[in-house]
> 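If you scroll down you'll find the structure; I have some questions about it.
Chain identifiers are assigned alphabetically (A, B, ...) following the order of the sequence lines, protein sequences preceding nucleic acid strands; residue numbering begins at 1 within each chain. Side chains are part of it too, since the values below use all heavy atoms of this structure and drop only hydrogens, waters and symmetry mates.
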Protein chains: 2
Amino acid sequence: MRKISDATITRLSRYYRSLARLERKNQEMVSSKELAQTGGATSVQVRKDLSCFGQFGTRGLGYPVCQLKETIAHILGLHRTWNVALVGAGSLGAALISYKEFKRQGFHIVAVFDKDPAKVGKNKRGLIILDIKNLPEVSRELKIDMAIVAVPKTEAQSVVNLLVQAGFKVILNFAPVNLMAPPQVTIRNVNMAIELEALSYRLMAN
Amino acid sequence: MRKISDATITRLSRYYRSLARLERKNQEMVSSKELAQTGGATSVQVRKDLSCFGQFGTRGLGYPVCQLKETIAHILGLHRTWNVALVGAGSLGAALISYKEFKRQGFHIVAVFDKDPAKVGKNKRGLIILDIKNLPEVSRELKIDMAIVAVPKTEAQSVVNLLVQAGFKVILNFAPVNLMAPPQVTIRNVNMAIELEALSYRLMAN
DNA sequence: GTCTGTGAAGAGTTTCACAGCT
DNA sequence: AGCTGTGAAACTCTTCACAGAC
């Protein structure tokens with residue numbers, strides 16, 4: 001299989017959401033054109049993206065909604081649940097614990113860590129905040145698959161170092177800072193400030 | 001000036017952060033190589049990105065830190081402050097109000113709106129939650145420049161419709177749904193679930 | 001006729017290679 | 001020597017065009 005681009009994976013996620021909605025409406029078949037409209041892409045793009053993984057449609061008819069949804073779920077790993085560790089029990093952390101879409105897609109935040117002794121032991125949206133010192137052992141015991149970093153930017157690199165040492169392979173980082181990690185570790189960044197800056201550029205440009 | 005890619009703008013934001021750090025360290029000059037390392041790019045990329053806007057360096061010496069930082073600030077619109085409306089006073093909204101990096105870069109959330117009568121009038125991190133019905137007039141009065149949507153996905157499209165009608169030109173959306181808007185309105189999406197899905201794909205793939 | 005699947009063309013982005021300045 | 005600035009090459013991603021199936 002040839003290398004799949006990040007853009008393709010992102011679009012698959014969107015197609016998956018569209019398919020879920022069509023499934024709820026009991027629609028059986030969907031054309032690439034229809035899927036494109038709701039997913040914000042073009043019909044060719046949809047077909048090209050899907051063709052990376054196989055042939056799922058029927059010419060003249062389109063794609064079977066349920067089946068395609070299941071297929072994408074398997075590609076993206078949404079057919080199972082993932083255990084997620086959250087580091088940082090601030091207000092962003094709280095928002096992430098309550099974020100419905102995570103649970104909906106099978107991402108379960110099963111442990112929250114913080115380094116602040118004043119927070120450790122407290123209950124945060126149903127989870128007891130754990131001391132970050134215990135992260136390696138707890139991650140092993142609870143079979144945690146991925147980590148979310150939601151700490152201030154000054155702390156982010158040291159948290160990542162700890163996560164790497166504990167064996168984490170994928171990390172979602174919310175701190176607005178560029179983080180270093182060995183190549184076998186994938187870090188994805190959500191930098192909300194950069195998003196606003198891109199918008200402010202837009203307002204400047206015209 | 002030729003069209004500037006989104007990727008370039010995003011990288012400028014990162015260079016800006018690196019420059020701010022170098023400035024705090026009182027470093028006067030920086031080479032494209034050094035800027036690249038801290039900003040997660042290559043040195044040619046840095047030079048190419050900057051060359052879109054002019055010639056800011058000196059051959060043999062590099063770029064003047066403060067001056068380049070100011071230049072990028074002007075390009076991105078960070079030399080001024082922007083008034084931001086937040087729609088959705090849930091826990092994500094609360095996290096965004098408290099998010100330091102916004103203030104740091106001059107993005108001031110000056111009003112929070114919600115449609116829930118039980119929330120309207122309450123204080124949220126120092127801001128009184130306003131009724132979303134009053135969004136158009138308040139936006140005008142407070143000269144609000146941009147909007148952040150942090151409502152459940154079922155509400156997002158109607159909120160965007162309202163924002164478009166109120167004359168907003170740029171919107172940052174956190175709801176995990178594809179939104180429709182006229183072409184003159186720029187919507188940027190932060191979909192945290194899709195980020196995790198890309199990571200779960202990574203874990204599946206190897 | 002409708003719609004998928006895909007090689008080829010096109011557009012856009014990144015990297016290379018090197019001229020030119022300090 | 002060290003570093004910027006940039007046309008050209010290489011690469012990647014998207015769109016076109018159309019063959020093939022229903």
> Any side-chain N or O of A:Gln55 below 4.0 angstrom from OP1/OP2 of C:dT6?
yes

> Side chain of B:Gln45: nearest nucleotide among C:dT22, C:dG20, C:dT14?
C:dT14

> May I ask you to evaluate whether A:Thr58 reaches the phosphate of D:dC22, defined as a side-chain N or O under 4.0 Å from OP1 or OP2?
no

> Counting only side-chain heavy atoms from C-beta out, which of C:dT15, C:dT22, C:dT4 sits nearest to B:Lys48?
C:dT15

> Whole angstrom is fine here: how far is it from CD1 in A:Ile4 over to C1' in D:dC13?
13 Å

> Round to the nearest Å and state the distance from B:Asp6 atom CG to C:dT14 atom P.
11 Å

> Looking at B:Glu23 and B:Val65, what are the two nearest heavy atoms and their distance?
N-CG1, 3.8 Å

> Mapping B:Thr8 and A:Gly57 onto DNA chain C by nearest heavy atom, which one lands closer to the 5' end?
A:Gly57

> Do the side-chain N or O atoms of A:Tyr63 get closer than 4.0 angstrom to the phosphate oxygens (OP1, OP2) of C:dG5?
yes

> How many Å lie between CE on A:Met29 and C1' on C:dT4, as a whole number?
10 Å

> Nearest to the side chain of B:Arg59 - D:dA8, C:dG20, D:dA17?
C:dG20

> Please state whether the phosphate of D:dT12, meaning OP1 or OP2, lies under 4.0 angstrom from any side-chain nitrogen or oxygen of A:Ser5.
no

> Using heavy-atom distances to pick each residue's nearest nucleotide on DNA chain D, tell me which of B:Leu50 and A:Gly60 is more 5'.
B:Leu50

> Please report the distance, rounded to the nearest Å, between NZ in A:Lys33 and P in C:dT2.
9 Å

> Are the charged groups of B:Glu197 and A:Arg14 less than 4.0 angstrom apart, N to O?
no

> Run A:Asp6 and A:Arg188 through salt bridge (charged side-chain N to carboxylate O under 4.0 Å, His left out) and show every step you take.
CA-CA 11 Å; A:Asp6 220 61; A:Arg188 276 185 86 93; 3.0 Å; yes

> Looking only at side-chain N and O atoms, does A:Thr42 come under 4.0 Å of OP1 or OP2 in D:dT15?
yes

> Counting side-chain heavy atoms from CB outward, which of D:dT14, D:dA17, C:dT14 is closest to B:Arg11?
C:dT14

> Please state how far atom OH in B:Tyr15 lies from atom P in D:dT4, giving the value in whole angstrom units.
12 Å

> With distance as the sole criterion, is a donor-acceptor pair present between the side chains of B:Thr8 and B:Ser5 under 3.5 Å?
yes

> On DNA chain D, does the nearest nucleotide to A:Asp49 precede the nearest nucleotide to A:Leu61 from the 5' side, or the other way round? Give the residue.
A:Asp49

> Between A:His79 and A:His74, what is the ring plane arrangement, given parallel below 30°, perpendicular above 60°, and tilted in between?
parallel

> Examine C:dG5: is either OP1 or OP2 under 4.0 Å from a nitrogen or oxygen in the side chain of A:Arg47? Give yes or no.
no

> I need the CZ-C1' distance between A:Phe56 and D:dC22, as an integer number of Å.
19 Å

> Just the rounded figure in Å: distance from C1' of C:dT2 to CD of A:Glu34.
14 Å

